[in-house]
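Read through the structure below, which is laid out as structure tokens, and then see the notes.
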Amino acid sequence: MKGKVIATIGGVYDVYLENKQLVKVSPKGILKHKKKKIIVGDDVEINLNDNTLDDVLERKNMLIRPRISNIDLGVVVMSLAKPNYSSYLLDKFLTLLNLSSIEPLIILTKTDLVGEDVNVNRIINQYSLLGVKVLTYSKVTKEGLDEIKEAIKGKVIAFMGQTGVGKSSLINLIDEDFSRQVGEFSHALGRGKHQTKEVVLLPYKEGFIGDTPGFSSLELDIYKEDLANFFPLIKDHYTNCRYSNCLHKNEPGCKIKELIEQGKFDNENYQNYLQMLDELIARKDRY
């Protein structure tokens with residue numbers, strides 16, 4: 001029978017079956033011998049006769065951090081305050097999703113706390129130019145909650161973002177019964193009250209919601225020469241530059257710099273690209 005791995009602890013996997021039954025299984029000996037990695041999100045074949053996980057089906061995509069597979073939508077949750085909003089970190093998350101060919105969605109939380117120094121409409125327009133949808137949400141007023149529910153239903157999604165941006169509290173508000181379900185899955189895993197320490201998939205409206213650990217820093221495992229292929233501002237335009245090895249920094253005939261000068265995109269995203277470029281090593285410097 002087929003199912004989806006929704007959690008893992010100590011070499012035992014929680015698999016949500018097609019008939020909506022939850023079972024615990026251990027990998028078949030041959031999988032252990034081949035050292036085949038099994039992660040949350042994997043679609044698998046299991047044998048109910050001996051509760052073994054017999055095979056891992058081909059993945060359509062995989063994120064390294066958070067480690068999760070077969071995602072339809074990567075939801076980047078960014079707070080507008082506490083912690084402060086950072087377009088630089090947001091662009092890093094979007095680059096990470098592009099690396100894995102996962103469609104992004106941005107959710108801006110804590111709109112009730114936003115100060116005068118943050119222009120929410122500007123952020124929405126800024127990322128709309130890059131083809132990324134932005135939704136806003138307030139835990140206090142529930143503004144934007146219905147739109148979020150509509151955007152994620154029927155999909156396998158992964159919430160991702162800094163610690164403290166409100167991922168888990170948003171998940172608990174998505175459905176009035178969801179807190180109880182989170183508790184149930186935590187109990188099944190022997191963890192007591194739910195805390196997001198590992199990736200967990202929660203069934204929701206013919207799809208799944210991935211609750212993932214928050215983190216304070218994010219490193220991209222790519223070389224300087226490859227950043228343009230995945231950076232949200234540049235990935236669709238870099239092939240129009242005069243030189244195929246253009247880094248979009250000081251080279252003549254750079255299409256990206258031309259678009260920025262014409263006001264087609266926000267210069268803030270371009271400055272974020274330049275900062276990331278400086279942080280990455282060149283392929284020739286890898287040793």
**Study point:** Intermediate values then yes/no, side chain to side chain contact (heavy atoms under 4.5 Å, CB included), I102 and L99
**Key:** CA-CA 8 Å; I102 296 174; L99 272 164; over 6 Å; no
**Study point:** Ion pair K249/D278, N-O distance below 4.0 Å
**Key:** yes
Point to revise | Main-chain N/O of I174 paired to K149 side chain as donor or acceptor, under 3.5 Å | key: yes
Point to revise | Distance in Å, I123 CD1 paired with T136 OG1, rounded so as to fall on 0.5 Å steps | key: 10.5 Å
Review point. Are Y85 and L129 joined in one hydrophobic group, where the rule is that I, L, V, M, F, W and Y side chains link up if heavy atoms are under 4.5 Å apart?
Key: yes
Practice item. Among M62, R59, E58, K37, find the one that has a side chain to side chain contact (heavy atoms under 4.5 Å, CB included) with D42. Key: R59
Study note, to complete from the structure: In short, L145 meets L173 closest at the heavy-atom pair CD2-O, 3.4 Å
Exercise for review: Could you please spell out the steps behind the side chain to side chain contact (heavy atoms under 4.5 Å, CB included) verdict for V140 and L113?
Suggested key: CA-CA 10 Å; V140 175; L113 298 177; over 6 Å; no
Point to revise | N61 and N70: side chain donor to acceptor below 3.5 Å | key: no
**Study point:** Over all atoms of both residues, closest heavy-atom pair of I157 and L201
**Key:** O-CD2, 4.2 Å
**Study point:** Side chain proximity check, P83 to K110, heavy atoms < 4.5 angstrom
**Key:** yes
Check your understanding: Taking 4.0 angstrom as the limit, do D72 and K60 come out as a salt bridge?
Key -> yes
Check your understanding: Going by heavy atoms in the side chains, are V5 and D14 under 4.5 Å from each other?
Key -> no
Review point. Just by modelled atom types, is the H248 backbone N or O under 3.5 Å from a matching donor or acceptor in the E251 side chain?
Key: yes
**Study point:** Enclosure of D221 CG (heavy-atom neighbours >12, cutoff 6.0 Å)
**Key:** no
Point to revise | Approximate separation, where rounding is to 0.5 Å, of I71 CD1 and S100 OG | key: 10.0 Å
**Study point:** Side chains of S138 and E143, donor plus acceptor under 3.5 Å
**Key:** no
Point to revise | Approximate separation, where rounding is to 0.5 Å, of K92 NZ and S86 OG | key: 9.5 Å
**Study point:** Verdict with reasoning, M276 to L220, per side chain to side chain contact (heavy atoms under 4.5 Å, CB included)
**Key:** CA-CA 9 Å; M276 288 183 210; L220 297 173; 4.1 Å; yes
Point to revise | Ionic contact status for R122 with E268, cut-off 4.0 Å | key: yes
Review point. Would Y127 and N269 count as having a side-chain donor-acceptor pair, cut-off 3.5 Å?
Key: yes
Check your understanding: Shortest non-hydrogen contact from L80 to V118?
Key -> CD2-CG1, 3.8 Å
Check your understanding: Are L247 and L274 connected in the hydrophobic side-chain network, where two residues link if heavy atoms are under 4.5 Å apart?
Key -> yes
**Study point:** Short N-O contact, E206 and K20, less than 4.0 angstrom
**Key:** yes
**Study point:** Considering all heavy atoms, the nearest I256-Y238 contact
**Key:** CD1-N, 4.1 Å
Practice item. Say whether, by atom type as modelled, one donor and one acceptor occur between the side chain of T109 and the main chain of G166 under 3.5 angstrom. Key: no
Study note, to complete from the structure: Heavy-atom nearest pair, F159 first then I107, reads CE2-CD1, 3.9 Å
Check your understanding: In terms of hydrophobic clustering (I, L, V, M, F, W, Y; side-chain heavy atoms under 4.5 Å; direct or indirect links), are L202 and I39 co-clustered?
Key -> no
Review point. When hydrophobic residues are tied together by side-chain contacts of less than 4.5 Å, even through go-betweens, does L94 share a cluster with I222?
Key: yes
Review point. What's the shortest heavy-atom distance between A151 and L73, and which atoms?
Key: O-CD2, 3.9 Å
Study note, to complete from the structure: With sequence neighbours left out, the residues meeting side chain to side chain contact (heavy atoms under 4.5 Å, CB included) with N47 are N49, D50, T52, D54
Review point. Are any non-hydrogen side-chain atoms of K139 and L170 less than 4.5 angstrom apart?
Key: no
Exercise for review: Answer yes or no: is there a side-chain heavy-atom contact under 4.5 Å between I38 and Y13?
Suggested key: yes
Review point. Got F93 and L218 here, is their nearest side-chain heavy-atom distance under 4.5 Å?
Key: yes
Point to revise | Sidechain-backbone polar pair: K167 side chain, Q162 backbone, donor-acceptor under 3.5 Å | key: yes
Practice item. Enter the distance from Y273:OH to D91:CG here, rounded to the nearest 0.5 Å. Key: 12.5 Å
Check your understanding: Do the side chain of K224 and the main chain of L280 share a donor and acceptor less than 3.5 angstrom apart?
Key -> yes
Review point. Are any non-hydrogen side-chain atoms of V156 and I209 less than 4.5 angstrom apart?
Key: no
Practice item. Name all residues meeting the side chain to side chain donor-acceptor pair (under 3.5 Å) criterion together with N98; count only those two or more places apart in sequence or in a different chain, and write none if there are none. Key: none
Point to revise | Separation of F230 CZ from L96 CG (nearest 0.5 Å) | key: 11.0 Å
Practice item. Answer whether the closest heavy-atom distance between the side chains of F231 and N272 falls below 4.5 Å. Key: yes
Practice item. Look only at the side chain of K255 and the backbone of N240, and say whether a donor-acceptor pair between them is shorter than 3.5 Å. Key: no
Review point. Going by an N to O cut-off under 4.0 Å, is there a salt bridge joining K28 and E45?
Key: no
Exercise for review: Following the transitive rule for hydrophobic clusters with a side-chain heavy-atom cut-off under 4.5 Å over Ile, Leu, Val, Met, Phe, Trp and Tyr, establish whether V12 and L48 coincide in one cluster.
Suggested key: no
Point to revise | CG on L135 to CG on L105, rounded to 0.5 Å | key: 5.0 Å
Exercise for review: Answer yes or no: is there a donor N or O on one side and an acceptor on the other, between the side chain of N125 and the main chain of N121, under 3.5 Å?
Suggested key: yes
Check your understanding: Is any side-chain heavy atom of D211 closer than 4.5 Å to a side-chain heavy atom of V199?
Key -> no
Practice item. Apply side chain to side chain contact (heavy atoms under 4.5 Å, CB included) to L17 and K2, showing your working. Key: CA-CA 6 Å; L17 303 180; K2 291 181 180 179; over 6 Å; no
